[in-house]
Chemist: 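One structure, pasted below without further comment.
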Amino acid sequence: MGVMRTVAAYAAPSATEPLVRTTIERREPGPKDVLIEIAYAGICHSDIHTVRGEWGAQQYPLTVGHEIVGVVAEVGSEVTRHRVGDRVGVGCMVNSCRECANCLAGVEQYCLKGNTGTYASVDRDGTITQGGYSTHIVVDEDFVLRVPESLPYESVAPLLCAGITTYSPLAHWKAGPGTRVAVVGLGGLGHMAVKIAHAMGAEVTVLSQTLAKRDDGLRLGADHYFATGDPATFETLANSFDLIVNTVSAELDLEAYLRLLALDGTMVNVGAPPEALPIQVFTLFANRRSFAGSTIGGIRETQEMLDFCAEHGIVPDIELIAAADINEAYERVLRSDVRYRFVIDIATLA
Ligand code: NAP
Ligand code: ZN
Ligand code: ZN
């Protein structure tokens, strides 16, 4: 396994206990590796699903976090893409097989052998990957992104998951001038979807449980805002969207939302509740509707998204917290009380 170094981290001791400060091991950088001193790490709802075992059993202790921004502290002898001192980012994956059809097509997130997740995945040395709630991480240079310095350092981390996860389907299904896009759920992913779809030129509608965040939604770039708690919303908006991006982390009545799609419209699920969600094919027959899934984005597309956000001045709305506040932040995410992403100041962990 080679030489390791011990670094500070926050980890879940089990599926049911709060996260605690601890230490974890990082490998010494190999020839192609970059050692990153982490400055900020976002809190994604996937972190919570994972540590609580909602997506399947995990090995504990487990450190999560896959919205990582920091500075290159060391590079291996064969590294060419990054230099010491560069501002860089790491998202949801740290490796893939690099030889399957999907990897060769530049969509490593769909690696046919399964990409190596930034946490809770089996790494090539057989250890379980540990994520960004820690002071340092060692990553193969090909999975490290350049983070434009024009984007504010403490706010940029959520682009590495929430940003790319919404950018990728919006780009794939061609959100732009003349398209009517609905975003379901105004949380971490949802608020990025609104900003990005607006910047792409689409007409954007937020579908949130209540009208409580209406002013925010319009400020973020939405043209319209409706409460899904009001049954009239589903009548008013029937057959009216070309694309619906569903970011909801819980079970949802998909049928009700599918009926909002216009001719040839697509509803793409990026929300990842553990439960199976039923669909009647007859709802898809009407208007020749599609139901699709999408997960994160490839490395090339993630770089494209970062550069797009720099060009358009798109910055996540964040609440900066100390590491000691992670457990409280989790509770707030679970109550949909997040505006709109928690980011951990890793300096408070060192
Ligand atoms: P989040 O910040 O908690 O946002 C989720 C939003 O969904 C909430 O703010 C809330 O919006 C809405 N919501 C929550 N519970 C609901 C319920 N019972 N009924 C209706 N709406 C509800 O979470 P996130 O970090 O954006 O992640 C969202 C989901 O995407 C999670 O399941 C996460 O694991 C998944 N995810 C997937 C990928 C991928 O690659 N596909 C990547 C990242 C995350 P309102 O208050 O506006 O209603
Ligand atoms: Zn995520
Ligand atoms: Zn592959």
Side-chain angles (χ1 to χ4, degrees), residues 41-52 54-55 64-68 90-93 95-120 131-132 157-169 183-194 206-214 216-217 220 222 225-229 245-254 256-257 268-275 292-298 302 316-319 329-342:
I43 293 180
C44 177
H45 205 121
S46 301
D47 301 351
I48 305 176
H49 288 307
T50 303
V51 293
R52 301 203 168 177
E54 293 170 15
W55 289 344
V64 292
H66 59 202
E67 294 182 335
I68 300 168
V90 177
C92 304
M93 46 178 185
N95 219 333
S96 71
C97 87
R98 301 166 188 245
E99 55 191 29
C100 73
N102 291 355
C103 283
L104 293 176
V107 284
E108 307 85 8
Q109 73 274 35
Y110 302 119
C111 176
L112 296 170
K113 294 178 187 156
N115 71 61
T116 306
T118 302
Y119 56 74
L159 295 182
L160 276 306
C161 175
I164 184 58
T165 300
T166 50
Y167 179 92
S168 186
V183 175
V184 190
L186 195 64
L189 265 56
H191 98 288
M192 287 313 309
V194 170
V206 171
L207 302 177
S208 180
Q209 293 168 92
T210 69
L211 293 177
K213 295 180 274 192
R214 184 173 180 279
D216 285 351
L220 296 168
Y225 197 107
F226 289 86
T228 54
V245 180
N246 176 24
T247 76
V248 172
S249 48
E251 266 181 288
L252 204 64
D253 177 8
L254 291 187
Y257 292 84
V268 55
N269 229 77
V270 291
E275 302 84 9
S294 180
T295 195
I296 54 173
T302 304
D317 283 27
I318 65 131
E319 204 174 310
Y330 274 24
E331 294 309 318
R332 285 186 51 195
V333 171
L334 292 170
R335 290 199 301 269
S336 300
D337 177 23
V338 46
R339 300 197 178 191
Y340 281 84
R341 200 59 144 183
F342 291 107

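We count ligands from 1, going down the list as the structure has it; atoms in each ligand are counted the same way. Counting from 1, the numbers follow the sequence of the chain as shown.
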Chemist: Quick test: of every protein heavy atom, which one is nearest to atom 4 (O) of ligand 1, and how far off is it to 0.1 Å?
Modeler: Gly187 CA, 3.4 Å

Chemist: Which heavy atom of the protein is the closest neighbour of atom 40 (O) of ligand 1, given with residue, atom name and distance?
Modeler: Thr295 OG1, 2.7 Å

Chemist: Starting from atom 23 (O) of ligand 1, which protein heavy atom do you reach first, and at what distance in Å?
Modeler: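 Result for atom 23 (O) of ligand 1: His45 CB, 3.2 Å.
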
Chemist: Does the pair Tyr257 and Thr228 meet the rule for a side chain to side chain contact (heavy atoms under 4.5 Å, CB included), with working shown?
Modeler: CA-CA 10 Å; Tyr257 292 84; Thr228 54; 3.3 Å; yes

Chemist: What are the protein N/O/S atoms, named by residue and atom, that sit under 2.8 Å from the Zn ion (ligand 3)?
Modeler: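 Result, waters dropped: Cys97 SG, Cys100 SG, Cys103 SG, Cys111 SG.
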
Chemist: Please state which protein non-hydrogen atom is closest to atom 7 (O) of ligand 1 and give its distance, to 0.1 Å?
Modeler: Val248 CA, 3.7 Å

Chemist: Of Ser208, Ser336, Ala272, which has the heavy atom at the shortest distance from atom 47 (O) of ligand 1?
Modeler: Ser208

Chemist: Tell me whether ligand 1 is touched by Ser294 - counting only heavy atoms on the residue side and a distance under 4.0 Å.
Modeler: yes

Chemist: Only heavy atoms count here, so choose which of Cys92, Ser249, Gly185 is nearest to atom 5 (C) of ligand 1.
Modeler: Ser249

Chemist: Pick one of side chain, backbone, both or neither for how Phe342 approaches ligand 1, counting any non-hydrogen atom pair under 4.0 Å.
Modeler: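 It is neither; nothing of Phe342 touches ligand 1.
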
Chemist: Just to confirm my output: which protein heavy-atom neighbour is closest to atom 32 (O) of ligand 1, and how far is it?
Modeler: His49 NE2, 2.8 Å

Chemist: Between Tyr119 and Asp47, is there a side-chain donor-acceptor contact under 3.5 Å, judged purely by atom types and distance?
Modeler: yes

Chemist: Name the option, out of Thr247, Leu189, Asp47, that contains the heavy atom nearest to atom 28 (C) of ligand 1.
Modeler: Thr247

Chemist: Checking a contact table here: which protein heavy atom is nearest atom 19 (N) of ligand 1, and how many Å away?
Modeler: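 For atom 19 (N) of ligand 1, the nearest protein heavy atom comes out as Gln209 OE1, 3.5 Å.
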
Chemist: Near the Zn ion (ligand 2), which protein N/O/S atoms fall under 2.8 Å?
Modeler: Cys44 SG, His66 NE2, Cys161 SG

Chemist: Using the side chain to side chain contact (heavy atoms under 4.5 Å, CB included) rule, take Met192 and Leu159 through it: C-alpha gap first, then chi angles, then the decisive distance, then the call.
Modeler: CA-CA 8 Å; Met192 287 313 309; Leu159 295 182; 3.4 Å; yes

Chemist: Looking at ligand 1, would Gln109 count as a contact under a 4.0 Å heavy-atom criterion?
Modeler: no

